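So the structure is just underneath, and the comments pick up after that.
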Amino acid sequence: MATDHIRLCSWNVNSVRARWPLVEKLVAEWRPDILCLQETKVAAELFPRDAFAALGYPHQLVRGMKGYNGVAILSRLPLAAAAAHSWCGADDARHLAARLPSGIMLHNFYVPAGGDIPDPEANPRFAHKLAFLDEMIAWAERLREPVVLVGDLNVAPHPEDVWSHKALLDVVSHTPQETERLLRLQEAHDFVDLVRACHPRPAKLYTWWSYRARDWAASDRGRRLDHIWTSPALGAALADVIVLREARGWARPSDHVPVLVDLHRDACLG
DNA sequence: ATGGTAGCGAAGCTA
């Protein structure tokens, strides 16, 4: 990794403790400067802070709860001015923000998955997901500073972001209620979808494959749930995006793969 | 159409 770039990684690890050997593998092979994790599934006081410091990430922001959710930002670079919003009035460890040395705010989100039934009347989890996205839209409309937004947004917005648009129209993660909200969120701040900027449609692109498939690679029934966006002014900083599909084939994998972005240091992050 | 797997934590919930 050339020093004129900064490499960020967003990864839903589905338990940071269960995934520790793969965290080490990711760091050894891909050397991200900043790791944004989701679904760490551990209370903040039990988060493996020392292990991350030993890996080269002494600057840490951690939110967590027992067994569910949880987000963390682990960094080689100093972090300032941490912020942790509570969305929908719940203190459920789904968001963290850190100010990078350049002054840019980095936001790490874990949007609710939403349960199985795509009806907010019948399914409170789906109602929570829609309300969470609505709050994000209102937040983005008020944003007046450049940001980097990453995370598991649990929505695959475009037809090419799922293995079958038709089959998933009534499946939570790709319903019109969700995809319209995600695109409104994008428009609210004129966010640039860096992943699609590097890997444009109509190419299919996924970041998640169900654990329940007999052969995830052969059936390839994936969805693009994990995202890296920036404010328009930071779009020019984009150098490259890597969706680490191979990580789904690692031993004891997460069902999500890491998404890496290289940003020109001088263009944004200092 | 259904059920399939993984993690937490020690049964059932969540994804």
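The sequence lines fix the lettering, A, B, ..., with proteins before strands; numbering per chain opens at 1. Note that the structure is a prediction, hence the values are computed from the model and not measured.
Not a single ring-ring contact (aromatic ring centres under 6.0 Å, His included) links His199(A) to another residue, sequence neighbours left out. Applying the ring-ring contact (aromatic ring centres under 6.0 Å, His included) test to Phe191(A) and every residue at least two apart in sequence or in another chain returns His189(A), Trp229(A). Every residue two or more places apart in sequence or in another chain that forms a side-chain contact (heavy atoms from CB on, under 4.5 Å) with Arg142(A) is listed here: Ala138(A), Trp139(A). For Ala247(A), the side-chain contact (heavy atoms from CB on, under 4.5 Å) partners are Leu244(A), Trp250(A), Val257(A), Pro258(A), not counting sequence neighbours. By the side-chain contact (heavy atoms from CB on, under 4.5 Å) test, Ala167(A) pairs with Trp163(A), Ser164(A), sequence neighbours left out. Partners of Thr179(A) by side-chain hydrogen bond (donor to acceptor under 3.5 Å, both in side chains), not counting sequence neighbours: none found.
Nucleotides dA15(B) and dG3(B) have their C1' atoms positioned 15 Å apart, rounded to a whole Å. Of the P atoms belonging to dT2(B) and dA6(B), the separation is 23 Å, rounded to the nearest Å. Across the C1' atoms, dG9(B) and dT14(B) are found 13 Å apart, a figure rounded to whole Å.
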Q | Sugar-phosphate or base contact per nucleotide [nucleotides 8-15 of chain B; S, B, -; heavy atom under 4.0 Å] | A | SS---BSB
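Between Arg19(A) and the phosphate of dG7(B), there is a side-chain N or O to OP1/OP2 separation shorter than 4.0 Å.
Under the side-chain hydrogen bond (donor to acceptor under 3.5 Å, both in side chains) criterion, no residue pair touches residues 115-126 of chain A, with sequence neighbours excluded.
When rounded to the nearest whole Å, the span between CH2 of Trp208(A) and P of dA6(B) equals 13 Å.
With 3.5 Å as the limit, one finds no donor-acceptor pair spanning the side chains of Asp92(A) and Tyr110(A).
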Q: Go ahead and write out DNA chain B as dot-bracket, 5' to 3': ( ) for pairs within the strand, [ ] for ones crossing earlier pairs, | when the partner sits on another strand, dots for unpaired; Watson-Crick or G-U wobble, both distances under 3.5 Å.
A: ....((((...))))
